[in-house]
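Presented below is the structure to which this report refers.
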Protein chains: 2
Amino acid sequence: MSATPRPKPTDAASDPRVRILSAAGQEFAERGYEAATVRDICSAAGVNVAAVNYYFGDKHRLYIESVKHAHAERLRQVPQPEWAPGTPAPVKLRDFVGSMLDRMLGGDQPPWQVGLMMRELLQPTEACRELVEDYIRPHFGILLGILDELVGGALPMSELRRIGLSIIGQCFLYRAAGDVVAMLVPTDEIEAFHTPQPIAEHVTRFALAALGIAEPFAIPSLCAVRPLGSPR
Amino acid sequence: MSATPRPKPTDAASDPRVRILSAAGQEFAERGYEAATVRDICSAAGVNVAAVNYYFGDKHRLYIESVKHAHAERLRQVPQPEWAPGTPAPVKLRDFVGSMLDRMLGGDQPPWQVGLMMRELLQPTEACRELVEDYIRPHFGILLGILDELVGGALPMSELRRIGLSIIGQCFLYRAAGDVVAMLVPTDEIEAFHTPQPIAEHVTRFALAALGIAEPFAIPSLCAVRPLGSPR
DNA sequence: AATCGTTTGAAACGCTTGTTTAACCCAGGT
DNA sequence: ACCTGGGTTAAACAAGCGTTTCAAACGATT
């Protein structure tokens, strides 16, 4: 009844509301919902403990708001690339994969906004449906459009979806299980291994090769396609 | 100092120790470390609250033990497939992917053991390194071996690793972000979409096509490979 | 300057958490 | 029969949690 007394008093970052949202997002992202305490959040935001209840009602609604806030903020930070009308589809695919990896992996270290969204994907709560509808489904639609253009409409929608998920899954692994991936790579290679560009290049090439548009990784003898399961 | 009074008094499932481990694993898997309470765990295991401190010292050590227990149990449930000496590499790849997806997605619903391991992968704790060394690295090695055999040793190790991660990532997405994937697929297709076999078939075919061993998904004109970025 | 609604502050309230205590039960050895 | 010691129990413990309280401080309006 007394929540959200006024929408936005000042658009500056000194607004206690956005300070709490930002601090809450970081805390939730790295500690999880249960482990993050409102005391720590308020301490980081420089406000009193009562502020979170005053502005958001309770911890749960603060969490939902912080997820939406993080999502909107990250979308503004790394916008979706736009292409000129004549841009070839393979270039679009490479751009798409590259920007997705940039958004996921960030510059120096993974941005906390994505970490918060990851938690939602892996264990969905109420905020997840909104996240999918506003953020993920449109991006997925763009990817499907690129793929459809790439194969010239030769594949049914169900197969395009599978291929799209194959591309997303490859990128997703580096972000979601990045620490484990790093353990599987020799220590002197992990730095180059976790850089977005090489990953994007590999994923794009892998997908284009699977679609028959780029050269396959191994060329047994050029275009000598053998049936599955034939002995070598 | 009083922990682990005896290793295994009776190998039956009536041992309070394994009852606690099993209940703790399920609780940790679906609620997370912080949200899971020792009271709920002990209630599910049918023991007194003091039992967890008596047998494991504290909650944290119980968690680590339950992760190792779940790992060992799941490894016993779905062992790694073995192949006769002359088995063709593509068949091995398909078997490998299929068993990995079976292990991840399970029969009717995802097994809690894997859910617990997922949490470790996504936010590693002390138990993670052990998990990687004992469980993940050997499996990854097998996959790299299959891939190396598949391309006839034509690719360097670093590239084989990338391809291996591409395969694992595709499967990983369905398990880790399964709920979100389901939201992106029409409701009348999700049942077939989340079944392990079709996924395994797609992932295998995708990888073989990318390697140039199976037919590509789209055949623009048989073997007309165009350079990346050329307009259609 | 007085007033009123809004925002902030320190302290306290229940409640749940992980952990500990101390009594109790019950076989086995002497 | 009596101790003995590992196993189990209910009850209590201190600490930390989210949340509430209520009064003081603030800022614009009259």
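Within every chain, numbering begins at 1; the chains are lettered A, B, ... in the order of the sequence lines, protein sequences first and strands thereafter.
Taking atom CG on B:Leu62 and atom C1' on C:dT19, their separation rounds to 14 Å, with Å as the unit. Whole-Å rounding puts the B:Asn53 CG to C:dT19 P distance at 5 Å. Rounded to whole angstrom, the span from the CZ atom of B:Phe28 across to the P atom of C:dG18 amounts to 8 Å. Here D:dC17 presents its P atom at 7 Å from CG of A:Asp40, a figure rounded to the nearest Å.
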For nucleotides 10-12 of chain D, print each protein N/O atom paired with a nucleotide N/O atom at under 3.5 Å, atom names and distance only.
unit_1: D:dA10; atom_1: N7; unit_2: B:Asn48; atom_2: ND2; d: 3.3

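For B:His60, the side chain to side chain contact (heavy atoms under 4.5 Å, CB included) partners at least two apart in sequence or on another chain are B:Tyr33, B:Asp58, B:Ile64, B:Glu126. The side-chain hydrogen bond (donor to acceptor under 3.5 Å, both in side chains) check on A:Arg39 picks up nothing, with sequence neighbours excluded. For A:Gln123, the side-chain hydrogen bond (donor to acceptor under 3.5 Å, both in side chains) test picks out B:Arg119, with sequence neighbours left out. Judged as a side-chain hydrogen bond (donor to acceptor under 3.5 Å, both in side chains), and not counting sequence neighbours, the contacts of A:Thr37 are A:Asp40. B:Glu30 meets the side-chain hydrogen bond (donor to acceptor under 3.5 Å, both in side chains) test with no other residue; sequence neighbours excluded.
In the set D:dG18, C:dT19, C:dT8, the nucleotide with an atom closest to the side chain of A:Pro16 is C:dT8.
Residue-level contact check: B:Ala35 touches neither bases nor backbone, having no heavy atom under 4.0 Å from any strand.
Enclosure of atom CZ in B:Arg137 by more than 12 non-hydrogen atoms of other residues, nucleotides or ligands within 6.0 angstrom is indicated.
Residues A:Glu34 and B:Ala51 each lie close to DNA chain D; by heavy-atom proximity, the contact nearer the 5' end of the strand is made by B:Ala51.
When the side-chain nitrogen and oxygen atoms of B:Tyr55 are compared with OP1 and OP2 of D:dT8, one or more of them lie within a distance under 4.0 Å. Look at A:Tyr54 and you won't find any side-chain N or O under 4.0 angstrom from OP1 or OP2 of C:dG9.
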